[in-house]
Undergrad: 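Here it is, the structure in full.
In listed order, ligands and their atoms are each counted from 1.
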Amino acid sequence: MIYVRGQRQDYDAWEHCAGPSWGWAAMKQTFEAIENHGDDRGGPVEISKGAFRYSLTERFIAAGEEMSLARRADLNGEDQEGIGYYSYNIKNGRRHSAARAFLDPARKRSNLYVLTGVEIHRVIFEGGKAVGVNGTKDGHPIFYRTQGEVILSAGALNSPKILQHSGIGPGALLSELGLPVVVDRPAVGANLHDHLGYFLNFRLKGESGTNHRYRGLGLLGSMFQYMLRKTGPMATGPSEVGAFVRALCESETPDTQLHLLGYSVATPEENLPVPKPMIEKFPGMMIHCSSLRFTSRGTVRIGSADPSAPLRIIPNWLSTDYDRRLAVAMVRYARRLVEQPAIAPFIDKEVAPGTRISSDEQILEDFRRRSTCALHAVSTCRMGRDLDAVVDSALRVRGVAGLRVADLSVVPVPISGNTNAVAMATGYRAAQLLKREPSASVTGMAT
Ligand SMILES: Cc1cc2nc3c(=O)[nH]c(=O)nc-3n(C[C@H](O)[C@H](O)[C@H](O)COP(=O)(O)OP(=O)(O)OC[C@H]3O[C@@H](n4cnc5c(N)ncnc54)[C@H](O)[C@@H]3O)c2cc1C
């Protein structure tokens, strides 16, 4: 996984919404506490740079420098703007997931019981206090009761779903579906944000890129290299080089993230809207540009009282003028990057979207058609000191007792970058707050 902390300004905005326990000072400390940069003196989460390098990666970086981007040894510095190699959660050539970092060392604790294969449907309340959860395990109904608190951590799509099925959400919708309203809270399932991204594909000349390492005999070689030595293209993340840039000149901090990939994946029309990953036969590369802070917000709403019914996810992407301008500016920025002398001689042609897509209107239309979410959903149970927020600054669900949410749904303001680092930091922070402020009473007051 690519490991990105985001911008310090993101956490300044968090502090504005949720108070100092979520500001940059606190979150920086949290990141430092969870990170281990390979010297075994740090926290549980392994951060490494990845060892796979090839000539194109340096050409990417040189092209960025020609566009006045600073070459960064670490893209997680306090000033995010620049270009360099991404950090990853990789340990000895294997993904170092949150489960491996946090859960594995704790598995033998007598007060921890991990149960898998369970689907939680609802939180159960007695007298306004959460006392347990129900759902199914292997198709059979289950109910778990707690003497303590319920902590919901089902992610930015499923936490608001479970809350709505539990009667906490937009009152009118719940009533319409025949669900009892425990707390009328329109913010449950509102404010959905994701990073919307778009690929530009290029055919290379005089540069091999890495397509040949993922096809036929080359793929076999890459697999053996990984199995025998834990090195090569299989031992790294999906893109080695990243950049945080200002595509719109009015932006004070980076508004766009670039992933520069030394391979290319075909996106034939018949594969849309979800392209099948088909590595191209010729040498290719891609630039993925994604918005850091689009202003459009979507919703996650249940459409039925039946928990097995699909969610209604309405992202509302590109619904603001800023987002549409940024979408076009990102594509133009990526095109300027490949025109730089360090890389231009190695570009044979732009394969997708293709230079025939040139006016702002054409770019926007193609962006609408081919862009995909970055799987970075946040903010659907937003935290805040205001009474309309779903959770307070200690992550307690307002209006009931004994229930907290601890995942990316609580993010008050979107993060400028990949979201896994902040998910882990939020979980770690949640544990600290939980120890410090056990839930005692119904929360409904601003804190
Ligand atoms: C394919 C993919 C690649 C990604 N790559 C990167 C990357 O390189 N770098 C990066 O920073 N981020 C990446 N992300 C994003 C990152 O993984 C997420 O932002 C992060 O995991 C969100 O954490 P979370 O705890 O909020 O939710 P989740 O990680 O989604 O955790 C929620 C958990 O709740 C469980 N759950 C949900 N509903 C229920 C239910 N009803 N009952 C019981 N359990 C339930 C789920 O199974 C899941 O285990 C990627 C995401 C995806 C999908």
Undergrad: Just checking, any donor-acceptor pair under 3.5 angstrom between side chains of R293 and S416?
TA: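 Short answer, yes.
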Undergrad: Indicate, as side chain, backbone, both or neither, the part of V118 found under 4.0 angstrom from ligand 1 when only non-hydrogen atoms are considered.
TA: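 Looking at V118 and ligand 1, just backbone atoms fall under 4.0 Å.
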Undergrad: Ignoring hydrogens and geometry beyond distance, is a side-chain donor-acceptor pair present between Y88 and E46 at under 3.5 Å?
TA: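 Per modelled atom types, Y88 and E46 side chains form no pair under 3.5 Å.
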Undergrad: Got more than 12 heavy atoms from elsewhere within 6.0 Å of CE, M223?
TA: no
Undergrad: I need the atoms of ligand 1 closer than 4.0 Å to a non-hydrogen atom of S153, numbered in the order shown.
TA: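 Every atom of ligand 1 under 4.0 Å from some heavy atom of S153: 32 (C), 33 (C), 34 (O).
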Undergrad: Would you give the length of the straight line joining atom CG of L260 to atom CD1 of I83, rounded to the nearest 0.5 angstrom?
TA: 5.5 Å
Undergrad: Tell me whether A423 has any N or O atom under 3.5 angstrom from an N or O of ligand 1.
TA: no
Undergrad: Is the closest basic N to carboxylate O distance between E126 and R145 below 4.0 Å?
TA: yes
Undergrad: Which of the numbered atoms in ligand 1 are below 4.0 angstrom from a heavy atom of G155?
TA: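 Contacts of ligand 1 toward G155, numbered from 1: 26 (O), 27 (O), 32 (C).
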Undergrad: Would you say the rings of F52 and Y54 are close, in the sense that their centroids are separated by under 6.0 Å?
TA: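 Y54 vs F52: aromatic centres under 6.0 Å.
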Undergrad: I'd like to check which ligand 1 atoms, numbered from 1 as shown, lie under 4.0 Å from a non-hydrogen atom of L408.
TA: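 That gives atoms 19 (O), 22 (C), 26 (O) of ligand 1.
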Undergrad: What protein heavy atom sits nearest atom 38 (N) of ligand 1, and how far away is it?
TA: N158 ND2, 3.1 Å
Undergrad: Is the contact between H121 and ligand 1 made by the side chain, the backbone, both, or neither, using heavy atoms and a 4.0 Å cut-off?
TA: neither
Undergrad: At a 4.0 Å threshold, what atoms of ligand 1 neighbour a non-hydrogen atom of E119?
TA: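 That gives atoms 41 (N), 42 (N) of ligand 1.
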Undergrad: Between T419 and ligand 1, does any nitrogen or oxygen pair lie at a separation below 3.5 Å?
TA: yes
Undergrad: In terms of atom number and element, which parts of ligand 1 are under 4.0 angstrom from non-hydrogen atoms of I162?
TA: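 Per the distance check, 41 (N).
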Undergrad: Please say whether more than 12 non-hydrogen atoms of neighbouring residues, nucleotides or ligands are located less than 6.0 Å from CD in Q29.
TA: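 Open: at most 12 neighbouring heavy atoms sit under 6.0 Å from CD of Q29.
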Undergrad: Relative to the heavy atoms of D407, which atoms of ligand 1 are at a distance of less than 4.0 Å?
TA: 25 (O), 26 (O)
Undergrad: For ligand 1, is there an N or O atom under 3.5 Å from any N or O atom of I120?
TA: yes
Undergrad: Using a heavy-atom cut-off of under 4.0 Å, does the side chain or the backbone of N418 touch ligand 1, or both, or neither?
TA: both
Undergrad: Would atom 46 (C) of ligand 1 count as contacted, meaning some protein heavy atom under 4.0 Å?
TA: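 No, because not a single protein heavy atom sits under 4.0 Å from atom 46 (C) of ligand 1.
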Undergrad: Are R72 and D79 within salt-bridge range, i.e. N to O under 4.0 Å?
TA: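 Result for this pair is yes, salt bridge flagged.
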Undergrad: Taking the six-membered ring for Trp and the full ring for Phe, Tyr or His, determine whether the centres of Y86 and Y3 are under 6.0 Å apart.
TA: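 No; Y3 has its ring centre 6.0 Å or more from that of Y86.
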Undergrad: Judged by atom type as modelled, is there a donor-acceptor pair below 3.5 Å linking the side chain of D323 to the main-chain atoms of S296?
TA: yes
Undergrad: Run down the list R122, M1, K137, H195 and name the one with the heavy atom closest to atom 6 (C) of ligand 1.
TA: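 Nearest option to atom 6 (C) of ligand 1, by heavy atoms: M1.
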Undergrad: Do D10 and W24 come close enough that some side-chain heavy atom pair is under 4.5 Å?
TA: no
Undergrad: Just to confirm my output: which protein heavy-atom neighbour is closest to atom 39 (C) of ligand 1, and how far is it?
TA: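 I find the closest protein heavy atom is A154 CB, 4.0 Å.
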Undergrad: Which option out of L375, N420, N89 puts a heavy atom nearest to atom 15 (C) of ligand 1?
TA: L375
Undergrad: Tell me which protein heavy atom sits closest to atom 9 (N) of ligand 1, plus the residue, atom name and distance to 0.1 Å.
TA: I2 O, 2.8 Å
